Structures are given as structure tokens and as C-alpha cells.
2 protein chains.
Amino acid sequence: MDTKEEILKNVNTLFAQKGYSLSMSDIAKSVGIKVPSIYNHFTGKDEIIWTAIQIEVADFFEFMDMELIQINATPSLERLKLLFYSIIQYFAYGDKIQFWRNMSLISNLELRKNTNALICDMENNMYKKLQMIFIECLPDKKTEYENIEDIVLFYFLMIKGLLDVMITHQDIQFELSTYIDKIWNTYWGLISRA
Amino acid sequence: MDTKEEILKNVNTLFAQKGYSLSMSDIAKSVGIKVPSIYNHFTGKDEIIWTAIQIEVADFFEFMDMELIQINATPSLERLKLLFYSIIQYFAYGDKIQFWRNMSLISNLELRKNTNALICDMENNMYKKLQMIFIECLPDKKTEYENIEDIVLFYFLMIKGLLDVMITHQDIQFELSTYIDKIWNTYWGLISRA
DNA sequence: GTCTATATGTTGATAGAC
DNA sequence: GTCTATCAACATATAGAC
């Protein structure tokens with residue numbers, strides 16, 4: 001792997017741990033080079049972080065697209081559950097939740113604005129795709145189409161809320177998988193009867 | 001107001017903006033004193049931040065207790081809605097969402113552990129109190145007691161998810177109040193039919 | 001209680017040798 | 001492409017005068 005890729009890979013971990021306050025020396029140390037060498041690949045710290053963020057968002061986007069294709073193979077009723085668990089697992093792996101959290105808290109205003117705009121774009125795109133999945137998966141239910149919008153919104157909220165819980169409980173003993181099951185069952189129970 | 005209070009008040013804003021990476025000179029400048037003067041009131045940066053966090057969590061706790069008392073005056077069915085809007089408004093005021101977000105992302109491991117433990121304690125306490133409100137407010141519904149637990153869990157998740165959206169959309173044009181109404185109506189619609 | 005002066009380390013970034 | 005050397009600015013923290 002070339003140095004540039006190596007830098008970006010390590011910045012992923014460092015940004016998750018320290019957010020925008022990660023230092024150039026942190027990066028250099030993790031890669032095994034000296035600080036000035038970094039400037040041969042990037043113009044500065046902001047460019048490195050912004051690149052890492054763009055890659056991570058694109059990665060998640062790609063992951064979601066792959067998942068949406070894959071779930072076509074499963075029975076309609078199972079798809080939403082499968083997708084839910086996949087998304088949670090994506091963020092649970094490594095430090096991804098912390099990474100995404102730090103994205104929205106960057107103290108550099110311009111960088112944060114760009115980042116949040118990127119996240120919103122991605123979410124709106126996902127929102128539309130999810131809506132189609134929902135319409136497909138809940139055809140025999142009495143759910144009106146206008147309600148589907150709200151139910152998709154809730155699907156997002158549930159995931160966001162769950163990720164928040166996972167952050168807060170990161171350092172303490174916690175039966176996560178039971179908790180996740182409970183949440184899904186509640187959600188499914190609620191929308192099935194709606 | 002004495003200097004110590006003034007420091008803590010300003011640290012509240014600074015921590016919301018910069019998180020753990022706020023600097024002693026940031027604090028000094030905001031209060032209008034020199035850095036060494038801060039050490040006459042606190043042993044160091046960690047103590048200041050930890051104190052500010054404890055105060056904020058206690059403040060929220062107190063706020064919730066006051067709200068729980070106040071809503072007794074409203075009709076049973078309106079209580080949960082009123083409480084929902086109150087909580088959202090609490091966090092929407094000033095930089096409180098950012099403050100709470102930064103709490104869970106402190107790069108100092110020990111401080112973060114203590115902080116998250118504090119948050120969990122507070123939430124567990126709130127959880128129990130909310131459960132009682134729910135049992136009181138949904139007596140004529142066919143909701144079984146075991147379901148109430150899950151519905152309260154969802155009440156929390158919905159709020160957490162909504163706060164996440166508010167963070168992501170902080171810098172862009174966004175019809176927040178419409179969005180909030182939509183979420184509440186969906187939630188209420190779902191649990192009313194359950 | 002607040003200050004000046006200072007210690008000691010770290011930050012992001014650049015110049016220029018190899 | 002990587003390095004050493006260097007920079008000015010900043011960090012947390014302390015000693016000691018007033």
C-alpha cells in the first residue's frame with residue numbers, strides 16, 4: 001500500500017478517537033514517517049480529514065447499495081430486519097460510530113458545514129431508496145402511502161437513537177445484542193399493527 | 001457572579017463548541033482574566049470540564065423533575081406529548097445538544113468513562129420515572145405492561161434520533177418544527193394503535 | 001485573587017539537503 | 001519522497017510578586 005493510502009487508513013482510526021483535534025504527529029507516528037513527509041501527499045491537516053470523511057461517506061453509501069441489492073434475495077418481510085441489522089453491524093465494526101459522531105462536531109466551521117451537507121445528501125438519497133423498499137415490503141398491510149414516509153423516518157430515527165446508545169454505553173458492561181433485538185421487535189410490532 | 005461561576009458558565013459554551021480540546025486561554029479570554037488566575041479556582045483543565053459536565057447533567061435532571069411535576073396539571077393524554085416537546089426544547093436552547101454530544105467523545109479515557117457512567121445513571125433513573133408516567137397515561141389502552149417498557153425505550157430512541165438530526169442539520173436550512181411535529185404524530189399514532 | 005514571567009512541551013507548517 | 005532543522009504560535013502548568 002502506498003503512503004497516501006496508509007495515511008488515510010490511519011486517519012480513519014485517529015479521527016474516530018480524537019476528532020478534528022487529531023495531530024499531524026499522531027498521523028506521522030501511526031504511519032511510521034516524519035511529519036514533513038505528510039505534506040508531500042496532502043496540502044495540510046484539513047485536506048487529509050476532508051478526504052478521509054469523503055471516503056468514509058462514500059464507503060457507507062457503497063455498502064448500503066450492496067446491501068440493497070443483496071436483500072432482494074431474501075423474503076420480502078425479512079428485508080427490513082436484515083437491513084436494520086446490517087446497518088447496525090456496519091457502525092459497530094471498528095470505531096465507525098465515533099467517526100461519524102466526530103464528523104458533525106468539527107470545530108472548523110467550514111469543514112463541518114461541508115461535512116454535514118455531505119451527510120444530509122447521503123441520507124436523503126438513502127431515504128428515497130428505503131421508501132421504495134418499504135412500499136415493496138409492506139404491500140399487503142393497510143399502510144397508506146403517506147404513512148410509509150413517516151415509518152421510514154422512524155426507521156432512521158430508531159437507528160440513530162440506537163447508535164447513540166451504543167456510544168454512551170461504549171465503556172460499560174451492556175447486553176447490546178439483546179437490546180438491539182428488543183428494539184427491532186418493538187419497531188416491527190408497532191408498524192405491523194399500524 | 002463570582003469568578004468560579006463565571007468560568008463554569010463560559011466553559012459550558014466552549015465545551016459545546018470545541019469539546020475536550022477547549023483551551024485554558026479560551027476560558028481565560030472569555031471570562032476576562034489571565035490563564036494563571038484560573039488555577040486559583042480549579043486544579044486544572046480536567047477538573048473544570050468534569051465540574052461543568054456534572055453541573056449540566058444535574059441541571060437536566062432537575063429540569064426533568066420539574067417537568068414531571070408540572071405535567072401533572074395537564075390531561076393525562078397530553079402529558080407525554082408535552083414532555084417530548086419540553087425535552088427537545090431543552091436541548092434546542094443554546095448549544096446543549098453539542099455539549100451532550102461532546103461529552104461522549106472526550107478523548108481522555110478516564111474522564112469519558114466517568115461522563116458516560118453519569119449519563120447512564122441519569123438515563124436509567126429517567127427511564128423508571130417515565131415508565132410510571134406511561135402506565136398512568138395509557139391506562140385504558142390495551143397495552144400490556146411488558147409492552148410499556150418497550151414503548152418507553154422507543155420514546156427515548158425517538159428523542160435521541162431527533163437530536164442527532166438536529167446536529168446534522170445545524171448549519172443548513174431546515175424546517176425543524178414541522179419535522180418534530182411529524183415525528184411526534186407518527187409515534188403517537190403507532191403506540192395508540194398498539 | 002490576580003497578575004507577570006517563565007518553564008516545557010506540542011501544534012501546523014515550511015525551507016532546503018539528500 | 002523522505003528527511004533534519006527550524007519557525008512562530010499555542011498548549012498546560014507553576015513560581016512568586018503585588
Side-chain angles (χ1 to χ4, degrees), chain A residues 1-55 98-99 102-103 105-115, chain B residues 1-55 98-99 102-103 105-115:
Chain A
M1 199 189 295
D2 73 345
T3 311
K4 192 166 182 173
E5 281 179 63
E6 192 88 23
I7 289 169
L8 288 169
K9 196 191 74 183
N10 291 324
V11 163
N12 228 277
T13 310
L14 288 168
F15 184 79
Q17 289 165 353
K18 300 194 172 187
Y20 185 65
S21 68
L22 70 90
S23 73
M24 296 298 275
S25 53
D26 286 334
I27 300 170
K29 213 174 288 174
S30 74
V31 178
I33 54 173
K34 302 294 178 184
V35 173
S37 301
I38 302 173
Y39 289 86
N40 209 260
H41 306 279
F42 298 95
T43 61
K45 184 177 154 178
D46 281 357
E47 200 204 17
I48 300 175
I49 292 178
W50 177 233
T51 308
I53 285 172
Q54 285 174 300
I55 290 173
Q98 279 90 346
F99 187 98
N102 275 308
M103 279 204 280
L105 291 171
I106 292 170
S107 51
N108 177 326
L109 180 64
E110 200 197 339
L111 191 52
R112 192 185 67 222
K113 272 192 182 179
N114 291 336
T115 301
Chain B
M1 198 189 296
D2 71 346
T3 312
K4 192 166 182 174
E5 281 180 62
E6 193 88 22
I7 290 169
L8 288 170
K9 195 192 75 182
N10 290 324
V11 163
N12 228 275
T13 309
L14 288 167
F15 184 78
Q17 289 165 352
K18 300 195 174 186
Y20 185 65
S21 68
L22 71 91
S23 74
M24 296 298 274
S25 53
D26 285 333
I27 301 170
K29 212 172 291 172
S30 75
V31 178
I33 55 174
K34 302 294 177 184
V35 173
S37 301
I38 302 172
Y39 289 87
N40 208 261
H41 305 280
F42 298 95
T43 61
K45 184 178 153 178
D46 282 357
E47 200 204 18
I48 299 175
I49 292 179
W50 177 232
T51 308
I53 285 172
Q54 285 173 300
I55 290 173
Q98 279 90 343
F99 187 99
N102 276 308
M103 279 204 279
L105 291 171
I106 291 170
S107 51
N108 177 326
L109 181 63
E110 199 197 340
L111 191 51
R112 193 185 65 222
K113 273 192 181 178
N114 291 336
T115 301

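As the structure is a prediction and not an experimental result, all values here were calculated from the model. Below, chains carry the letters A, B, ... as their sequence lines are ordered, and counting in each starts from 1.
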Salt-bridge present (B/Glu6, B/Lys9; N to O < 4.0 Å): yes
Out of D/dT2, C/dC3, C/dT2, whichever nucleotide has its closest atom nearest the side chain of A/Ser37: D/dT2
Measure the shortest side-chain to side-chain distance between B/Phe42 and B/Lys4 over non-hydrogen atoms and say whether it is less than 4.5 angstrom. yes
Tell me if the CD atom of B/Gln54 is crowded by more than 12 foreign heavy atoms within 6.0 Å. yes
What residues, two or more places apart in sequence or in another chain, satisfy side chain to side chain contact (heavy atoms under 4.5 Å, CB included) together with B/Ser23? B/Ser25, B/Asp26
Working to the nearest 0.5 angstrom, can you tell me the gap between A/Ile53 CD1 and A/Asn114 CG? 9.0 Å
Picking from D/dA13, C/dG12, D/dC3, the nucleotide nearest the side-chain atoms of B/Lys45 would be D/dA13
Could you write out DNA chain D as a dot-bracket string, with dots for unpaired bases, | for bases paired across to another strand, and Watson-Crick or G-U pairs counted at under 3.5 Å? ||||||||||.|||||||
Among D/dT12, D/dA11, C/dA13, which is the nearest nucleotide to the side chain of B/Ser25? D/dA11
Would you say A/Thr3 reaches D/dT2's phosphate, i.e. side-chain N/O to OP1/OP2 under 4.0 Å? yes
So, is A/Lys34 close to the D/dC3 phosphate, meaning a side-chain N or O under 4.0 Å from OP1 or OP2? no
With a non-hydrogen cut-off below 4.0 angstrom, is A/Leu22 in contact with a base, only sugar-phosphate, or nothing? sugar-phosphate
Would you please test B/Glu5 and B/Asp2 for side-chain contact (heavy atoms from CB on, under 4.5 Å) and show each step? CA-CA 6 Å; B/Glu5 281 180 62; B/Asp2 71 346; 3.2 Å; yes
N or O in side chain of B/Ser23 less than 4.0 angstrom from D/dC10 OP1/OP2: no
So which one's nearest nucleotide on DNA chain C is more toward 5', B/Pro36 or A/Ser21? B/Pro36
Look at the side chain of B/His41 and decide which nucleotide, out of C/dG1, D/dT12, C/dC3, has an atom nearest to it. C/dG1
